[in-house]
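Comments concern the structure below.
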Amino acid sequence: MAVSLKKKIQNYTIDQGATFEKTIGAENSSSAAVTISSGTVAGAVIKNFAYANTLQTFTTALTGANCTFSLTATQTTALAEGKYYYSLTYTQSGGTVKERLAEGLITVNPSAEINNG
């Protein structure tokens, strides 16, 4: 039976060279928490939908109704300054039912790292 998730639209800002980690809670259409830890979540960053090659893939972890997704400092360094799209897709444990958990924009700010040493 399908979980029927309410897709969340969330926008984020990342500084180049910084570790990025966020947690999104899965909810049904009534905004009640839904356990998704029996399935998997995959997510990626793309530049635009016309050129949908994956630029970076999130590391994801599920606990109860929460999905934590992250990029390493090395991954964010590899993203040029600008706007990107991301999405997170939940696949139920049977492997056939997929639902969009979240999507939105990621704005990457240029690195302003200063050597103070």
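Counting begins at 1 with the first residue of the sequence.
- Identified under the salt bridge (charged side-chain N to carboxylate O under 4.0 Å, His left out) test for residues 35-56, with sequence neighbours left out: none.
- Applying the salt bridge (charged side-chain N to carboxylate O under 4.0 Å, His left out) rule to pairs touching residues 22-31 yields Lys6-Glu27, Lys8-Glu27, sequence neighbours excluded.
- In the model, Thr68 has a side-chain atom that pairs as donor or acceptor with a side-chain atom of Thr23 under 3.5 Å.
- Within the 3.5 Å criterion, the main-chain N or O of Thr57 finds a donor-acceptor partner in the side chain of Gln75.
- Tyr84 pairs by the ring-ring contact (aromatic ring centres under 6.0 Å, His included) definition with nothing, not counting sequence neighbours.
- Gln56 and Ala78 make their closest contact through NE2-CB, 3.5 Å (heavy atoms, listed as atom of the first residue, atom of the second, distance).
- Partners of Asn48 under the side chain to side chain contact (heavy atoms under 4.5 Å, CB included) rule, at least two apart in sequence or in another chain, are Ala50, Tyr51, Tyr85.
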Kindly indicate, with the supporting measurements, whether the criterion side-chain contact (heavy atoms from CB on, under 4.5 Å) is fulfilled by Asn28 and Ser4.
CA-CA 6 Å; Asn28 62 20; Ser4 191; 5.9 Å; no

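- Rounded to the nearest 0.5 angstrom, Leu79 CG and Thr107 OG1 are separated by 11.5 Å.
- Taking OG1 of Thr60 as the reference point, atom CD1 of Ile24 lies at 11.5 Å (rounded to 0.5 Å).
- The minimum heavy-atom distance linking Ser38 with Ser93 is given by the pair O-CB, 3.0 Å.
- Partners of Ala26 by side chain to side chain contact (heavy atoms under 4.5 Å, CB included), not counting sequence neighbours, listed by chain and number: Leu5, Ile36, Leu101.
- Residues satisfying the salt bridge (Lys or Arg N to Asp or Glu O under 4.0 Å) criterion with Lys7, sequence neighbours excluded, are Glu103.
- Under the 3.5 Å distance criterion, the side-chain polar atoms of Asn11 are left unmatched by any main-chain donor or acceptor of Gly104.
- The shortest side-chain heavy-atom distance between Tyr86 and Gln10 falls under the 4.5 Å cut-off.
- Pairing each heavy atom of Val41 with each of Cys67, the nearest pair is CG1-SG, 3.7 Å.
- Ring geometry, Phe20 versus Tyr12: the interplanar angle exceeds 60°, so the pair is classed perpendicular (tilted spans 30 to 60°).
- The two residues Pro110 and Gln16 come nearest to each other via the heavy atoms CA-OE1, 3.2 Å.
- If you take CD1 on Ile46 and OG1 on Thr54, they are separated by 7.5 Å, rounding to the nearest 0.5 Å.
- Checked by atom type and distance alone, the side chain of Glu99 never pairs as donor or acceptor with a backbone atom of Tyr90 at under 3.5 Å.
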